Amino acid sequence: MCGIVGYIGAQEAQPILLTGLKRLEYRGYDSSGIALISPKKNSIGIRKAPGKISALEKLVKNKPLSGVVGIAHTRWATHGAPTQANAHPHHDCAGQIAVVHNGIIENYEALKIQLIKEGHIFRSQTDTEVIVHLIEKFYKNIPLEEAVSMALKLLVGSFAIGVISTNEPNKLVGARLGSPLIIGVGKGENFLASDVPAVLGFTKEVVFLDENEIVVLDKDHFKISNLEGKTVFKATTHISWDIDQAEKSGFDHFMLKEINEQPEILENLINSRIHKKTGKIFFQEQNIPETKLQDIKNIFIVACGTAYHAGIVAKYALESLCQVPAQIDVSSEFRYRDLLIGPETLVIAISQSGETADTLAGVREAKRRGCSVISICNVLGSTLTRESDGVIYIHAGPEIGVASTKAYTAQLTALYLFAFYLAQIKGVLSSARINKLLTQLRKVPQYQTEILKEQKRIAVLARKHSHLGSFLYLGRNVNYPSALEGALKLKEISYIPAEGYAAGEMKHGPIALIDEYRAVVCIAPVSKVYEKMVSNIQEIRSRKGKIIAIATAGDQEIKELTREVIYIPKIEEIFSPLLVVLPLQLMAYHIAVKRGCDVDQPRNLAKSVTVE
């Protein structure tokens, strides 16, 4: 949520900042703005606009800004409506300092009251504006970074900020607590950003800031310190993927591109985690000793949204394969529970971005209680990965679409591999059984490719049902979370009310919803609960429900119950979520497109939720 870009160098900053903002559009926003230091006028020029970045581009085309130092921002409204006045950057009373901010300042009201008493004039409803006025208050005969540090020590909440001042026009300052911020290291230029895609195309060398760190950049150097002024030394990280991976590559939307990338991503992930000679599973960044894992008595999974659904599948897999009790909580509930966890508990934290605020808070609470923590994450160097004992990177590349697709199946694949790894360590599964399961898992990318060949037929089916007012998704056992995920995808991007249920719960309430105006998606591949699912379908059919079934290829019984069937290849039941989710993703996508929705940037949603 929200995006920050900063530039200092020798080039005109305006086009660079706008390019960076457009590469952060996936994070979700409702207004944008840009501020540049004008070297000729020794002033800060600011342009801001509600709506899409195209509105800002139109504004600066008519009233361009010039300068080689600047900051820019995409805002997701929290305090104050998405208006021009509330858009970032914000400036101080004298117009000599400008600030952009991601996060929430919890004590802004008290600070604002005090600053107004001191004579400061506020022009917005935002919490952010208190930051620039605090900096103005302290910025008296001291360097800008010291004034920033003094201001930040008064804040309660979370922040990532970028700051410029006409008093020190060759300096760009950034700082973070609770919201991500990176440095892009160039030649004769440096960058500040809230996420890596903003700087790709300009540099692949980045530095990840940690909590309570502040950075001062000029065009040739950067210096990192903590808020007490102590210097912190950090190495750069080379980003292996390039900007082409963050472009649409001929697809109409990022979401469709990312759905189609899944077979290749999973194949690479599986191959990279299985030793070519020994056939054993390994994780390079998994730093928890095997002796520690052998003594684990229970597992707790914490995640949000789509990652939470991956975690539910993992619960089934871990209990079945590793014979270890597993529980799962949405992160926002986990952190407030009276937790019965300790040194014999393994916590698995799942987050695509590695910056999800609730998941991070849960991990910190778990570590405080002595638990070991493994994170499943897509973003190299993110806060979650740095605070975990071990990391399993999913290497899915940048996921631009707000509704997660390829990250979900990559998370699932990583969790399956970890379940085999843990079963291997604990000695609860024979090598023969693990190898048999791995053989099946290796077939998943091929099977996904076969499903993707049926995209046109799935699109026709989706468009046929796009007028319906609500959807019900039903699944059982390991595909109950698939029902939850299918419903989430549809409601996220098409705004159609949708619910996912365990099919056995249908008669405990959801059956009241079934009529000819609603669709029921029944996930019914071959499984130990197959006959139960068939019974559910028969009950729905008798009530004139419009049934869409996802079934195993060759299933004639399902075909007799409904004409609307999407077939998937036959696979071991435990891996079926990796296949059934593709038709669910494609249905949601094509329904949303038919309804004219903004698929990649659905309303009110952000890619990374960095505040509670």
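Position 1 is the first residue of the sequence; numbering continues from there. This one's a predicted model, so the numbers in the text were calculated from it and none came from an experiment.
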Undergrad: Does atom NZ of Lys570 have more than 12 heavy-atom neighbours from other groups under 6.0 Å away?
TA: no
Undergrad: Assess the residue pair Phe300 and Phe334 against the criterion (ring pair (Phe, Tyr, Trp, His ring centres under 6.0 Å)); give the C-alpha distance rounded to whole Å, side-chain angles, the decisive distance to 0.1 Å, and a yes or no.
TA: CA-CA 9 Å; Phe300 226 120; Phe334 176 83; 5.2 Å; yes
Undergrad: Do His309 and Tyr408 pass the ring pair (Phe, Tyr, Trp, His ring centres under 6.0 Å) test, and can you show the C-alpha distance, the side-chain angles, and the key distance before you say yes or no?
TA: CA-CA 8 Å; His309 300 155; Tyr408 174 71; 7.2 Å; no
Undergrad: Is a salt bridge present between Glu573 and Arg476, judged by a nitrogen-to-oxygen distance below 4.0 Å?
TA: no
Undergrad: Decide, yes or no, whether a salt bridge links Asp598 with Arg603 under the criterion of side-chain N to carboxylate O below 4.0 Å.
TA: no
Undergrad: Side chains of Gln352 and Gln411: is there a donor and an acceptor less than 3.5 Å apart?
TA: no
Undergrad: Can you see whether Ser382 engages Glu355 through a side-chain donor-acceptor pair at a distance of less than 3.5 angstrom?
TA: no
Undergrad: Is a donor from one side chain sitting under 3.5 angstrom from an acceptor on the other, for Glu211 and Thr383?
TA: no
Undergrad: Please check if atom NZ in Lys367 has more than 12 non-hydrogen atoms from other residues, nucleotides or ligands closer than 6.0 Å.
TA: yes
Undergrad: Between Glu333 and Arg337, does any NZ, NE, NH1 or NH2 come within less than 4.0 Å of an OD or OE carboxylate oxygen?
TA: no
Undergrad: Which heavy atom in Ile394 sits nearest to a heavy atom in Leu269, and how many Å separate them?
TA: O-CD1, 3.9 Å
Undergrad: Without swapping roles, check the side chain of Thr449 against the backbone of Pro445 for a donor-acceptor pair under 3.5 Å.
TA: yes
Undergrad: Measure from the side-chain N and O atoms of Glu258 to the backbone N and O of Gly401, and report whether any donor-acceptor pair falls under 3.5 Å.
TA: yes
Undergrad: Taking only residues two or more places apart in sequence or in another chain, which ones pass side-chain contact (heavy atoms from CB on, under 4.5 Å) with Glu106?
TA: Ile104, Val156
Undergrad: Kindly say whether Cys377 contributes a backbone atom to a donor-acceptor pair with the side chain of Ser375 at under 3.5 angstrom?
TA: no
Undergrad: Other residues, nucleotides and ligands only: do more than 12 of their heavy atoms fall within 6.0 Å of NZ on Lys436?
TA: no
Undergrad: With a distance cut-off below 6.0 Å to the six-membered ring centre and an angular limit of 45° from the axis, does Arg595 pair with Tyr495 as a cation-pi contact?
TA: no
Undergrad: Would you find a donor on one side and an acceptor on the other, under 3.5 Å apart, between the side chain of Ser331 and the backbone of Ala303?
TA: yes
Undergrad: Does any N or O in the side chain of Thr552 come within less than 3.5 Å of the main-chain N or O of Val526, such that one atom is a donor and the other an acceptor?
TA: yes
Undergrad: Main chain of Asp295, side chain of Lys297: is a donor-acceptor contact present, judged purely on distance under 3.5 Å?
TA: yes
Undergrad: Indicate whether the side chain of Asp329 and that of Tyr308 have a donor and an acceptor atom separated by less than 3.5 Å.
TA: no
Undergrad: Any chance the side chains of Ser372 and Asp389 put a donor and an acceptor closer than 3.5 Å?
TA: no
Undergrad: Closer than 3.5 angstrom, by distance alone: can the side chain of Thr356 be matched with the main-chain N or O of Asp358 as a donor-acceptor pair?
TA: no
Undergrad: At their closest point, which heavy atom of Asn479 faces which heavy atom of Ser576, and how far apart are they?
TA: ND2-OG, 2.9 Å
Undergrad: Before accepting this row, confirm whether a basic side-chain N of the pair Lys491/Glu485 lies closer than 4.0 Å to the acidic partner's carboxylate O.
TA: no
